[in-house]
Structure formats: C-alpha cells, structure tokens
Amino acid sequence: MTQGNHDPEEWRQIIGNKARKEELARKFKDDSSPMKIAIVVDMWLTGFDVPSLATMYVYKPMSGHNLMQAIARVNRVFGDKEGGLVVDYVGIAQALKQAMNDYTSRDKKNYGDTDISKAAYPKFLEKLSICRDLFYGFDYSIFIGGSDLDRAKAISGGVNFLLGKRVLENILPDQEKTHNIYIKEALLLRQALSLCGSLAQEKDRIEAAFFEAVRTMVVRLTIGGTGQKFTLPEINGRINELLKQSVKSEGVINLFSDVKAEFSLFDPKFLEEIARAKEKNLAVELLKRLISEQVSVYRQTNVVKSEKFSEILQSAMNRYLNGLLTNEEVIQELLKLAQDIAAANEEGKVLGLNAEELAFYDALTKPQAIKDFYEHEELIAITKELTDALRSNRTIDWQKKESARAGMRRLVKRLLKKHKYPPEGMEDAVQTVMSQCEMWTDNML
C-alpha cells in the first residue's frame with residue numbers, strides 16, 4: 001500500500017520506503033522466490049505484469065477501466081498455465097458487465113458470456129456426462145457415500161479400469177485411446193468446476209472429485225515427469241486434498257494399506273503386495289514405471305545393465321500389449337526383473353566395488369567367456385586401475401574437445417593393452433569398455 005499523511009506512525013515501518021517496495025515487486029516477479037502471495041490495497045492493480053500470476057482474490061469495489069486492468073493481472077500467457085482465476089468476494093460481476101459494455105463487439109466476443117450459470121455450469125455438466133460415459137461398465141458409486149477406504153478402492157479400481165482399456169486399444173492412435181481422451185475431458189471438467197463450484201450439486205462435486213483423483217493417478221503413471229518419484233504420501237496427499245474440497249474427510253487415504261513409505265522397487269514387502277493386488281492393470285503400470293525409473297538411472301551410469309534391463313522390460317511390455325502375455329504373466333515377469341535389478345545392485349558389495357567401479361567391471365566382463373581368460377583378482381585389478389585412471393583426469397574437458405576425448409581413448413587402450421585385454425578374437429569387447437568410459441565422461445563429471 002502507499003503511504004498517507006494520516007497513517008499512524010507504526011504503519012510507516014511496515015509500509016516501508018520506495019526501495020523496499022521495489023524489492024518486494026522484484027521478489028514477486030521472480031518465480032523462484034519464496035514470495036508467492038501478496039495482499040495489496042492500492043498498488044500493483046494496473047501496469048504490473050507478472051505472467052505466472054494465476055489467481056486474484058477481489059475484496060475491493062472497482063469499476064470501469066480500473067476493474068478491467070486489475071483482473072487482467074492474471075490473464076497473461078505463461079508456460080502451461082491454463083488460465084487465470086478471479087475469486088470475487090464483493091460482487092464485481094455487475095460492474096464487470098458494465099465495463100465490458102464499454103468495449104467493442106469484437107472484445108465482447110473475446111470475453112464471452114460472464115454469467116457462469118450460462119457458460120461454465122453447462123460446460124461442467126457436459127464434461128461430467130462425458131466422464132461418466134467413459135466409465136461405462138465400472139461401478140464407482142461407493143466413492144460417493146463410502147468410507148475413506150472405500151473411496152481409495154474406488155480410485156485404484158478406476159485407474160485399473162482405464163489402464164485395462166489402454167491394453168485393449170493398443171493398436172489405436174494415441175488420440176483415440178480411452179485413457180488419453182479421459183485425461184483431456186477430466187481436466188476440462190476440473191477447470192469448469194473451478195468456475196461454477198457454488199452452483200454444482202454436492203453429489204456432482206463428489207463425483208467430479210472421483211474423476212479428478214483418477215485423472216491425477218493415470219497421468220502420474222502413464223505420462224509422469226522423468227525422474228520424479230512416485231510416492232504414497234504424494235498421491236495420498238493429492239487425493240485427500242481433492243476430497244476435502246468436496247466432502248468432509250479425515251485422515252490420509254492409503255491406496256496400499258500396508259505400505260507407509262514411498263514405493264520402492266527394492267522393498268520385498270511392497271513387491272509381494274503388488275503381486276497380490278486385485279487391480280492387475282494398475283499393478284502392471286506401477287511396476288513398469290518403477291523399473292523404468294531404475295533403468296533411466298543405469299542409462300547414465302552403467303551401459304551394460306542399461307541395455308540388459310531395458311531390453312528385458314521392452315520385450316515383456318511388447319508381448320503384454322500384443323496380447324501374448326496375460327496380466328498375471330507380465331506381472332510375474334516384471335517382478336522377476338525387479339528382483340534381478342535388486343540383486344544387481346548388491347553385486348558390487350560382494351565384489352568389493354562401488355557403483356562406479358561396478359559399471360566398469362560389467363563392461364569388462366560383458367562377454368561371458370572373458371572370465372575364462374582372467375583370474376577374478378586380475379579383473380578386479382583392471383577395473384580399479386581403469387576407474388582410478390579416469391578419476392585422475394577429471395579436470396580434462398572431455399565433453400567439449402574431441403582431441404581430449406581421443407586422448408581418453410588412447411589412455412584406456414594403453415591400460416587394456418598392458419593387461420593383454422581383450423583375448424584374441426574378442427576385439428568387440430573393447431567397444432563396450434569404450435562406451436562405458438564415454439558414458440562416464442558425459443554423465444559423471
């Protein structure tokens with residue numbers, strides 16, 4: 001707010017001088033700043049541009065040009081921002097309509113009808129009906145009046161239902177697959193409800209909460225961001241927040257009742273519960289995602305394990321999507337792969353090697369016959385010497401200078417030659433070692 005001559009003395013320190021206001025403005029415009037909310041009295045309502053700003057709560061009578069400029073603070077294009085939201089506490093709708101009458105017909109067409117009962121609410125009912133149709137054949141009525149556990153089961157069952165359709169529709173183009181259509185329509189349902197929540201009946205709002213909870217899980221399972229962890233607290237928290245907006249809910253919903261921490265590929269108890277899960281389609285997607293996350297780690301650290309586990313995963317999923325494996329069969333294959341990955345992570349401890357050294361050991365011993373030509377201790381010695389040689393040259397900018405990379409290759413070849421590696425007739429083994437060395441330079445420095 002701005003200072004006034006009649007302000008009490010204690011306000012002056014709070015309001016601050018011009019430099020303080022400029023600093024606050026700079027922080028609010030910085031998307032990386034922890035300052036996310038500002039309460040303004042008579043500042044920043046016009047001519048203050050923050051593209052990422054998404055919501056404005058109005059508790060101040062405004063009209064005409066000032067009103068139009070004020071609400072325009074949240075209409076800027078920014079990333080994947082879906083639109084701005086104005087929450088009206090004082091009844092500015094009539095003033096907004098009057099302000100819009102001052103604009104040209106072209107501008108009125110751009111703004112559309114501002115009566116949410118004629119614009120947003122019919123759209124909400126339309127999208128609600130579409131989502132119901134997409135769930136034809138699945139009974140989720142228990143979500144509306146059931147306990148938290150009942151709702152959790154309805155959500156996981158709904159995800160399982162959509163993922164099952166995904167398998168059946170494998171040959172269809174992506175835009176025609178039911179789960180992709182559902183993701184789009186459920187998002188539009190959520191957007192419409194955010195505008196007309198006060199008009200929607202309680203039963204419809206609860207039903208919309210179910211559709212949004214399912215959408216959230218399907219998105220995370222099928223198109224979630226790379227490297228993001230899929231955790232129970234996160235998913236349960238999201239679903240609980242959705243329910244709080246529509247129904248009175250206490251406590252956190254546990255989709256897998258016996259698992260309290262994040263989903264872990266290396267937790268035998270969790271893998272056992274997945275194997276017993278009734279929602280087989282959901283179990284398949286969850287296992288595939290967890291394994292894919294681990295393979296993506298190997299893709300940056302271990303060329304041999306990356307290729308091996310990626311090929312096994314891809315083969316299993318291709319046979320599953322082509323109808324050659326049942327849900328139960330592909331789950332067993334994925335569980336076996338998960339156990340193999342867990343065992344692979346323990347190999348280094350048995351050999352006395354850390355993860356970095358184990359990657360070089362895997363590269364050296366990829367051809368199974370290699371172990372017939374060398375003593376175990378000799379392979380360990382080559383591994384450690386190779387790792388130490390690369391570590392000692394960390395400062396070389398191998399990623400940018402081809403001459404430096406050529407030098408790295410010469411260094412590795414001299415070291416291997418000293419140990420008479422590889423045996424005659426197995427020259428291809430060197431290429432695997434070189435690939436691992438180059439992966440190390442690209443990702444570990």
Side-chain angles (χ1 to χ4, degrees), residues 54-55 79-85 116 119-146 148 150-170 172-225 228 230 234-247 249 253 255 279 281-282 284-286 289:
T55 306
D80 58 357
K81 175 180 165 185
E82 297 157 0
L85 176 64
I116 60 173
Y121 186 57
K123 183 62 67 174
F124 164 72
L125 294 177
E126 174 194 333
K127 298 305 176 185
L128 186 63
S129 177
I130 291 174
C131 288
R132 286 169 177 163
D133 290 343
L134 291 171
F135 264 90
Y136 178 77
F138 178 79
D139 182 8
Y140 54 88
S141 58
I142 194 172
F143 182 89
I144 297 173
D148 283 354
D150 291 332
R151 295 189 186 109
K153 289 179 178 178
I155 293 167
S156 58
V159 174
N160 187 64
F161 176 77
L162 286 179
L163 294 178
K165 285 182 174 290
R166 181 187 183 205
V167 175
L168 295 174
E169 299 168 347
N170 183 48
L172 292 179
D174 283 345
Q175 66 270 22
E176 296 180 19
K177 292 179 179 177
T178 299
H179 80 284
N180 283 332
I181 296 173
Y182 175 80
I183 288 171
K184 176 183 176 182
E185 296 297 333
L187 177 60
L188 293 172
L189 174 67
R190 187 195 73 182
Q191 293 171 345
L193 180 61
S194 70
L195 297 174
C196 63
S198 60
L199 300 179
Q201 296 180 11
E202 182 181 19
K203 179 178 179 296
D204 291 343
R205 286 189 284 109
I206 295 173
E207 194 173 2
F210 166 77
F211 290 134
E212 174 59 12
V214 172
R215 185 191 71 85
T216 299
M217 284 198 69
V218 171
V219 168
R220 287 302 307 275
L221 281 168
T222 59
I223 56 176
Q228 295 180 337
F230 186 89
E234 182 177 9
I235 289 299
N236 287 332
R238 285 192 181 198
I239 292 171
N240 207 41
E241 284 304 312
L242 289 167
L243 293 173
K244 283 179 182 178
Q245 294 170 19
S246 301
V247 296
S249 173
I253 295 172
L255 299 176
E279 296 84 2
N281 297 312
L282 175 57
V284 171
E285 287 298 323
L286 188 54
R289 180 177 175 84

Quiz item: Under the 3.5 angstrom rule, does the side chain of N281 hit a backbone N or O of L163 as a donor-acceptor pair?
Solution: no
Quiz item: Between C131 and Y182, what is the shortest heavy-atom contact and its length?
Solution: SG-CE1, 4.2 Å
Quiz item: Rounded to the nearest 0.5 Å, how far does CD of E169 lie from CG of N180?
Solution: 9.5 Å
Quiz item: Should the pair D204-R132 be classified as a salt bridge under the 4.0 Å nitrogen-to-oxygen rule?
Solution: yes
Practice problem: Could you tell me the separation between the OG1 atom of T178 and the CZ atom of F161, rounded to the nearest 0.5 Å? | Solution: 8.0 Å
Quiz item: Would you call the rings of F211 and F135 parallel, tilted or perpendicular if under 30° counts as parallel and over 60° as perpendicular?
Solution: tilted
Quiz item: Hey, is the main chain of G146 close enough, under 3.5 Å, to the side chain of R151 for a donor-acceptor pair?
Solution: yes
Exercise. Please test E212 against R215 for salt bridge (Lys or Arg N to Asp or Glu O under 4.0 Å), starting from the C-alpha separation and ending with a verdict.
Key: CA-CA 5 Å; E212 174 59 12; R215 185 191 71 85; 2.7 Å; yes
Quiz item: Once you round to the nearest 0.5 Å, how far does CG of L199 lie from CZ of R205?
Solution: 10.5 Å
Quiz item: At their closest point, which heavy atom of A154 faces which heavy atom of I142, and how far apart are they?
Solution: CB-CG2, 3.9 Å
For residues 119-128, dump all side-chain donor-acceptor pairs below 3.5 Å to protein atoms at least two apart in sequence or in another chain.
| unit_1 | atom_1 | unit_2 | atom_2 | d |
| --- | --- | --- | --- | --- |
| K123 | NZ | E126 | OE1 | 3.3 |
| K127 | NZ | E185 | OE1 | 2.9 |

Quiz prompt | Rounded distance (nearest 0.5 Å) linking atom CG of L193 with atom CD of E207 | solution = 11.5 Å
Quiz item: Are there more than 12 heavy atoms of other residues, nucleotides or ligands under 6.0 Å from atom CD of E176?
Solution: yes
Quiz item: In Å, rounded to the nearest 0.5 Å, how long is the span from CG of L134 to CG of L162?
Solution: 8.0 Å
Practice problem: Report the C-alpha separation of R190 and L187 in whole Å, then their side-chain angles, then the decisive distance to 0.1 Å, and conclude whether the side-chain contact (heavy atoms from CB on, under 4.5 Å) test is met. | Solution: CA-CA 5 Å; R190 187 195 73 182; L187 177 60; 3.5 Å; yes
Self-check item: Shortest non-hydrogen separation from K177 to L172 and the atoms involved
Solution: CE-O, 3.1 Å
Practice problem: Specify the closest pair of heavy atoms between I155 and V214, including all atoms of both residues, with the distance to one decimal. | Solution: O-CG2, 4.0 Å
